[in-house]
Amino acid sequence: MSDSHHRTEPLWKDAAALVERVEMAARSDMPPGTFFDELCAEICATARAWTVSLWTIEDSQRSILARNGLAVHDEKTPTPWEQCPASDEHAPSSRWFSVAGETSLTLVAVQKLHDDILIGLELRFDDAVDLALQKTLSELAEAVLDLAAGVFMRSKIAMLRRRLDVQTQRDEFTRKLYEGIDLEESFASTARAVAEELSIDRVSMFRRRASGWRMIASSTPGRIDRRARQVRWLEILTGELLESADRITCVLSDTEQVDGVSDSLVAYRRESGCKEFHVELIHNDDDTRDDAAIVLERFRDNDPHDPGFGSALEPIRHPVSQAIQHALRRDDAAWGLIAGRLSRATSRRKLVFVAGAITILVLAACLIPVNFDLPVEGRIVAAQRNRIFAPAQGVIADIAVNNGERVRAGDTLVVLRSADLDLQRRQIEGALATAQSRFDSLLVTRSGNRGGGGRDRESGVSADEQVVKTEIEGLEKQLQLLQAQNAELTVASPMDGRVDRWNLHQSLSSRPVAHGQFLLDVVDDRGGWIVDLDLPEKNLNYVLTAQANQTGRCHMRLRSNPTEVFEGDIAEIADVAHLNSAGQSVIRLSVPFVSETPVHIRSGATVAARLHCGKRPIGFVWFRGLIEWSRRQGWF
């Protein structure tokens with residue numbers, strides 16, 4: 001046995017045992033941070049390295065996952081990982097480096113995980129390493145790095161899943177904020193959403209009236225009895241607190257901390273048993289006189305670790321304020337004023353008042369113009385995209401790409417197999433082989449006739465040769481045509497971009513497809529975004545009229561970010577209508593999506609939009625459904 005084998009045999013055994021332990025740990029439920037720390041510690045001990053570090057590079061930013069060894073890396077010393085390029089086949093590669101004039105050596109292993117994500121393992125030795133051991137250490141580093149890459153990618157996927165769950169919860173919270181039809185239902189929905197989000201005992205909503213603050217809704221079930229003493233004291237206390245500040249928190253166990261309202265605080269605490277109280281004013285941007293207030297109450301003993309109402313409300317203050325302002329804008333205070341006057345008037349005055357009010361309302365409905373907006377739904381798609389369809393009927397034989405993978409024009413995407421084309425090709429190949437054999441036989445026969453056969457027999461053989469030759473040419477043309485059709489079953493990318501099809505392999509792998517069936521999309525997300533809106537066909541004339549008058553404008557909100565409004569003009573209107581998922585006939589509108597601030601866009605993100613179609617009388621806007629129905633009936 002050679003000396004080099006004697007030197008490497010113990011290291012081989014230790015390396016094999018280490019790889020086996022790392023593989024078992026990678027399959028376990030061990031936290032990624034613990035796994036990386038133990039990995040570096042075991043490699044450092046097995047390889048007898050001076051120091052070991054495991055790191056990643058994402059978007060050109062390097063971050064350390066774990067380190068171990070007798071010394072930390074000197075950040076001023078250049079790291080040679082840039083000289084060890086990762087393999088394009090996503091397989092680990094390694095190289096040895098040495099610093100001129102020193103005996104120390106560095107082993108760097110790098111693996112490419114994505115276009116802009118690398119993972120690397122760096123081992124530094126304080127002394128020279130025997131050449132017989134370098135190959136073993138390189139293979140050890142590559143094997144361990146490949147296992148660490150799987151754990152790292154699983155941690156990335158888990159992190160993305162947690163972010164998606166947080167976004168889903170935020171969308172659900174925003175949806176609850178905007179539920180309800182009238183002001184009372186909207187305020188009650190907002191109060192329940194805030195109470196559930198912050199785990200508050202009770203949330204109440206108030207609105208400013210001429211006589212003072214009035215309690216509109218609460219997070220507790222049931223209707224509000226404004227004759228109750230607790231409700232009256234709460235309304236008085238809210239008004240007094242908001243006179244001194246727009247936002248104030250009171251711990252009712254120490255009522256002397258707020259000057260001027262101590263009597264109200266003591267009285268309310270005696271009635272309700274509240275331990276902590278927070279009131280905050282919400283201004284209506286359209287009309288500062290129509291303000292609202294939100295009151296948060298806690299009836300449990302205060303937790304010393306609780307950050308307090310003000311800090312708890314801070315992350316959701318903006319969306320809650322927007323929802324309250326939206327509810328105030330929808331509410332029309334004129335209807336309440338009219339109802340109050342009618343209930344206090346005498347019969348004769350009531351009749352005159354009703355007639356005058358109806359006349360005024362009819363004139364206002366016919367003469368007062370307001371903005372006419374059409375609500376539509378849509379989704380965001382890439383401006384440059386190509387939908388790939390099946391070129392023929394067949395079975396998916398191979399899928400060469402994955403969802404989200406970047407491809408170049410001409411790259412193979414999907415390969416189909418057609419049983420009918422394969423059968424026809426085999427039949428034609430068999431017929432071609434048979435015809436070729438007949439032709440060869442006729443050639444032999446004619447050669448024999450020249451030696452002593454008759455002229456008539458030779459002419460008959462020549463005629464048969466011509467017939468068979470024509471048959472062979474026809475079969476060869478059919479075979480070429482089938483080969484061309486078979487080549488079309490290999491679907492290639494028509495452009496540079498990214499594959500977009502959720503569950504691509506699960507949906508298509510080894511599945512039969514029909515001619516013209518959708519396979520996948522190739523999108524170029526760097527070429528901008530557009531919003532595809534589905535406009536009900538019955539509303540198309542309003543949009544066309546607005547386009548002709550140059551008044552068409554679109555205001556959009558992302559479902560994932562409903563607090564920010566984006567504007568755009570309609571760039572294209574489809575010439576044909578189609579049925580949406582609800583079975584309604586809709587027209588597709590395209591609006592470029594432009595944002596002045598950076599916004600994270602996901603392909604397919606849903607959008608709620610309003611198309612501005614100029615100004616129309618307020619009566620038409622309010623009763624448009626009834627007017628359109630009567631027009632369809634032919635009444636006018």
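Values below: all heavy atoms of this structure, side chains included; hydrogens, waters and symmetry mates excluded.
Residues D165 and Q169 bring no donor and acceptor atom of their side chains to less than 3.5 Å of each other. Under the 3.5 Å distance criterion, with hydrogens and angles disregarded, a donor-acceptor pair is assigned to the side chains of H114 and D116. At a cut-off of 3.5 Å, with distance as the only test, a side-chain donor of S321 or Q325 sits close to an acceptor on the other residue. In summary, the side chains of E280 and H278 do present a donor paired with an acceptor at a separation below 3.5 Å, with no hydrogens or angles considered.
For the pair D521 and R387, the salt-bridge criterion is met [side-chain N within less than 4.0 Å of a carboxylate O]. For R192 and E197, the salt-bridge test fails: no basic side-chain N is under 4.0 Å from an acidic carboxylate O. Ion pairing between D534 and R588 holds under the 4.0 Å rule for side-chain N and carboxylate O. A salt bridge between E172 and R175 is present, with a side-chain N of the basic residue lying under 4.0 Å from a carboxylate O of the acidic one. Look at R553 and E567 and you find a salt bridge, because one of the NZ, NE, NH1 or NH2 atoms lies within 4.0 Å of a carboxylate O, short of that distance. Salt bridge status for R298 with D201: absent, with no side-chain N to carboxylate O gap under 4.0 Å.
Within the structure, every pair that satisfies the side-chain hydrogen bond (donor to acceptor under 3.5 Å, both in side chains) test and touches residues 354-372, not counting sequence neighbours, is listed here: N371-K615. Residue pairs meeting the side-chain hydrogen bond (donor to acceptor under 3.5 Å, both in side chains) criterion with at least one partner in residues 151-160, sequence neighbours excluded, are E58-K156.
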Please report the C-alpha distance between N539 and R624 in whole Å, then the side-chain angles of each, then the deciding distance to 0.1 Å, and finally whether the side chain to side chain donor-acceptor pair (under 3.5 Å) criterion is met. CA-CA 11 Å; N539 296 331; R624 179 171 63 90; 3.2 Å; yes
Worked check of side-chain contact (heavy atoms from CB on, under 4.5 Å) between L611 and I570: CA-CA 9 Å; L611 298 176; I570 299 174; 4.1 Å; yes
Does F206 form a side-chain contact (heavy atoms from CB on, under 4.5 Å) with V295? I'd like the steps, not just the answer. CA-CA 8 Å; F206 291 78; V295 173; 3.5 Å; yes
Checking E297 against I200 for the side-chain contact (heavy atoms from CB on, under 4.5 Å) test, could you report, in this order, the C-alpha distance in whole Å, the side-chain angles of both residues, the deciding distance, and whether it holds? CA-CA 7 Å; E297 299 174 87; I200 301 299; 5.7 Å; no
Check the pair L113, M153 against side-chain contact (heavy atoms from CB on, under 4.5 Å), reporting the backbone distance first and the verdict last. CA-CA 8 Å; L113 304 180; M153 291 306 293; 3.7 Å; yes
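No donor-acceptor pair closer than 3.5 Å links the side chain of Q547 to the backbone N or O of L544. In this structure, the side chain of E572 does not engage the main chain of S590 through any donor-acceptor pair within 3.5 Å. In this structure a side-chain-to-backbone donor-acceptor pair under 3.5 Å is missing from N503 to S507. Under a 3.5 Å cut-off, the side chain of S189 and the backbone N or O of E185 do not form any donor-acceptor pair. A distance-only check finds a donor-acceptor pair linking the side chain of Q167 to the backbone of S560 [under 3.5 Å]. Looking only at distances, no side-chain donor or acceptor of N402 sits under 3.5 Å from a matching main-chain atom of E405.
Counting heavy atoms from C-beta outward, L296 and L198 have side chains that approach closer than 4.5 Å. With contacts defined as side-chain heavy-atom distances shorter than 4.5 Å, the pair L281/R208 qualifies. Counting only heavy atoms from C-beta outward, the side chains of V591 and I530 never approach each other to under 4.5 Å. Contact of the I399 side chain with the L508 side chain is registered, since non-hydrogen atoms from C-beta on lie closer than 4.5 Å. Using a 4.5 Å heavy-atom threshold, the side chains of V607 and I380 count as touching. Looking only at side-chain heavy atoms (C-beta outward), P315 and R317 stay at 4.5 Å or farther from each other. Proximity of V586 to L535: side-chain heavy atoms (C-beta onward) are nowhere separated by under 4.5 Å. L374 is listed as a side-chain neighbour of V543, based on a closest heavy-atom distance under 4.5 Å.
When all heavy atoms of T238 and L234 are compared, the closest pair comes out as OG1-O, 2.8 Å. The shortest non-hydrogen separation linking T190 to L177 is OG1-O, 3.2 Å. A pairwise comparison of heavy atoms in I587 and A577 identifies CD1-CB, 3.4 Å as the closest pair. Across P592 and M556, no two heavy atoms sit closer than the pair O-CE, 4.5 Å. Scanning both residues, K176 and A193, for their nearest heavy atoms gives CB-CB, 3.8 Å. The two residues M495 and V523 come nearest to each other via the heavy atoms CE-C, 4.5 Å.
One finds the CZ atom of F173 at 10.0 Å from the OH atom of Y178 (value rounded to the nearest 0.5 Å). Atom CZ of F277 and atom CD1 of I248 lie 9.5 Å apart (nearest 0.5 Å). Rounding to the nearest 0.5 Å gives a distance of 7.5 Å between OG of S186 and NE2 of H326. Note that CZ of F187 is 4.5 Å distant from CG of L183, once rounded to the nearest 0.5 Å. Here L520 contributes atom CG and F389 contributes atom CZ; the two are 10.0 Å apart, rounded to the nearest 0.5 Å. To the nearest 0.5 Å, the span separating CD1 on I216 from OG on S204 amounts to 11.0 Å.
Within a 6.0 Å radius of CG in D575, no more than 12 heavy atoms belonging to other residues, nucleotides or ligands are found.
Evaluation of the ring-ring contact (aromatic ring centres under 6.0 Å, His included) rule for F372 yields Y542, F620 as partners, not counting sequence neighbours.
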